[in-house]
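A note on names: the letters A, B, ... follow the listed sequences, proteins ahead of strands, and every chain is numbered from 1. Below, each value reflects all heavy atoms present in this structure, side chains not excepted, and no hydrogens, waters or symmetry copies. Everything numeric in this text was worked out from a predicted model, so none of it was measured.
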Amino acid sequence: MANSAKLPKEWRILSRRLFVEPPESVAPQLLGKILAHQTESGWLAGRIVEVEAYLGPHMTHPPDPAAHSFRGITDRNRVMFGPAGHAYVYFIYGMHYCVNVTCEPEGRAGCILIRALEPLLGLSTMAAHRKLPAPVPHPRLTAGPGILCQALGLTRAAHNGLDLLDPASPLQLREDGFEAAPIEVTPRIGIRHAAHLPLRFALSNHSCVSHFKTKKTTV
DNA sequence: CTGTGGATTTGCT
DNA sequence: GCAAATCCACAGG
């Protein structure tokens, strides 16, 4: 009973216009926005504090071989080629889900990986999803692309392809007027290809940003 | 603190 | 077969 049946009315749904653009320009604008998931135990929500942009195959200056869309459409990545503002959820390393927001006009791929949240709503349910005894330090709840999906209860089967900008959707992106600054820009984490591109965006010095290891690069 | 192995889907070679 | 947009448990210094 601790969680809300409704989201605060001052949290507004984002405009789809924002997402019908290249992901490298949308990504920094997602910082400070809110990802919210409606579950049987109420709404779970967190503020986005770290994201990465992944460019579609139409982008050649530079190309982005790290993106799942780089070699074209597959069963897994199909929603990335659909309309903007939808959820692309994929399963990785046999273990974790990661959630992205699709960008670009329909027919073009491009997305933004949500890498870390600051928990806002439903913290005890998040702790239960994480199988950790509450109270859990906030970074242990949602600082990382895999664990934030675990905390919010997101899966490919249930959430891949959902419209994030529909007020009737169980998974939504909203804003509350939070000013996201200052922002730091760095290379992306955990990739080998195009590892030098400055496509990771995070709120500077935020405690819920993920701890990261940079991999060996091949390109 | 550092390093290593395991969980086991998806898609390319 | 194998690498990947990850995380955690556990071993050792």
Side-chain angles (χ1 to χ4, degrees), chain A residues 19 22-24 26-28 30-31 35 46 48-57 59 62-82 86-104 109-117 119 126-134 136-161 164 184-202 207-219:
Chain A
F19 298 92
E24 69 272 27
V26 180
L30 256 193
L31 292 176
L35 180 65
I48 298 168
V49 300
E50 179 182 353
V51 297
E52 285 176 355
Y54 286 86
L55 313 181
M59 298 291 292
D64 187 4
H68 287 173
S69 59
F70 184 63
R71 293 166 202 280
I73 193 165
T74 68
D75 282 345
R76 176 174 64 165
N77 69 22
R78 187 170 55 251
V79 310
M80 265 202 278
F81 292 84
H86 288 242
Y88 167 50
V89 183
Y90 68 90
F91 193 66
I92 191 71
Y93 295 117
M95 191 58 126
H96 296 288
Y97 295 96
C98 296
V99 63
N100 299 250
V101 183
T102 62
C103 296
E104 301 276 21
C111 68
I112 298 161
L113 170 69
I114 299 178
R115 286 196 54 90
L117 302 174
M126 291 186 192
H129 286 164
R130 295 272 292 114
K131 298 178 178 165
L132 296 170
V136 182
H138 291 187
R140 295 259 307 155
L141 228 36
T142 52
I147 66 174
L148 78 85
C149 284
Q150 190 184 358
L152 291 188
L154 304 182
T155 64
R156 173 165 146 85
H159 303 98
N160 188 49
L164 296 167
E184 62 186 34
V185 184
T186 75
R188 294 171 295 183
I189 295 169
I191 59 170
R192 300 203 201 182
H193 299 289
H196 60 287
L197 297 178
L199 292 175
R200 172 178 171 270
F201 304 84
S207 66
C208 292
V209 167
S210 69
H211 294 296
F212 61 88
K213 298 175 272 195
T214 306
K215 277 192 187 172
K216 243 189 244 184
T217 71
T218 51
V219 175

In terms of the nearest nucleotide of DNA chain B, which residue is placed more toward the 5' end: Y93(A) or R156(A)? Y93(A)
M80(A) atom CE is separated from dT10(B) atom P, nearest whole Å, by 14 Å
Taking a pair as Watson-Crick or G-U wobble with both distances under 3.5 Å, which nucleotide is matched to dT8(B)? none
Distance below 4.0 Å between R192(A) side-chain N/O and dA4(C) OP1 or OP2: yes
Look at the side-chain N and O atoms of R115(A) and state whether any lies under 4.0 Å from the OP1 or OP2 oxygen of dT6(C). yes
So is the aromatic ring of Y54(A) stacked onto the base of dA5(C), judging by whether the centres are under 5.5 Å apart and the planes are under 30° apart? yes
Does the ring of F91(A) meet both stacking tests against the six-membered base ring of dT9(B): centre distance under 5.5 Å and plane angle under 30°? no
Check whether any side-chain N or O of R130(A) sits under 3.5 Å from a backbone N or O of Q150(A) as a donor-acceptor pair, and report yes or no. no
Work out how far the P atom of dG5(B) is from that of dG13(C), and round it to whole angstrom. 15 Å
Would you mind telling me which of dT6(C), dC8(C), dA4(C) lies closest to the side-chain atoms of C98(A)? dT6(C)
Identify the heavy atoms of I191(A) and A66(A) that sit nearest to each other, and give their distance. CD1-CB, 3.9 Å
Here the distance between atom P of dC7(C) and atom CG of L132(A), to the nearest Å, is 13 Å
How close or far is atom C1' of dT10(B) from atom CE of M95(A), stated in whole angstroms? 16 Å
Nearest whole angstrom, please: distance from the C1' of dA5(C) to the CD1 of I112(A). 14 Å
Counting any heavy atom closer than 4.0 Å, what does N100(A) reach on the DNA or RNA strands: base, sugar-phosphate only, or nothing? base
Among dA4(C), dG11(B), dA5(C), the one nearest T74(A) by side-chain distance: dG11(B)
C1' atom, dG3(B) versus dA5(C): distance in rounded Å? 22 Å
Is the cationic atom of R115(A) (NZ for Lys, CZ for Arg) positioned less than 6.0 Å from the six-membered ring centroid of F201(A) and within 45 degrees of its normal? no
Please tell me whether H68(A) and Y88(A) have a donor and an acceptor in their side chains that are separated by less than 3.5 angstrom. yes
Check each of T142(A), L35(A), V49(A), L154(A) against I114(A) using the side chain to side chain contact (heavy atoms under 4.5 Å, CB included) test, and report the only one that passes. L35(A)
Within the 4.0 Å heavy-atom criterion, would you say R188(A) contacts the bases, only the backbone, or no part of the nucleic acid? nothing
Under 3.5 Å, is there an N or O donor on one side and an acceptor on the other linking the side chain of Y90(A) and the base of dA5(C)? yes
Nearest-Å distance for atom pair CD/C1', residues Q150(A) and dC7(C): 9 Å
Nearest-angstrom distance from the residue atom NE2 of H68(A) to P of dA4(C): 11 Å
Regarding R200(A), tell me which of base, sugar-phosphate or nothing describes its non-hydrogen contacts under 4.0 Å with the strands shown. nothing
Specify the separation, in whole Å, of atom CZ of R76(A) and atom P of dT9(B). 13 Å
So what does L113(A) hit on the nucleic acid, given a heavy-atom distance under 4.0 Å: a base, only sugar-phosphate, or nothing? base
To the nearest angstrom, the CG-P distance between L141(A) and dC7(C) comes to 13 Å
For C111(A), is there any backbone N or O sitting under 3.5 Å from a side-chain donor or acceptor partner on T102(A)? no
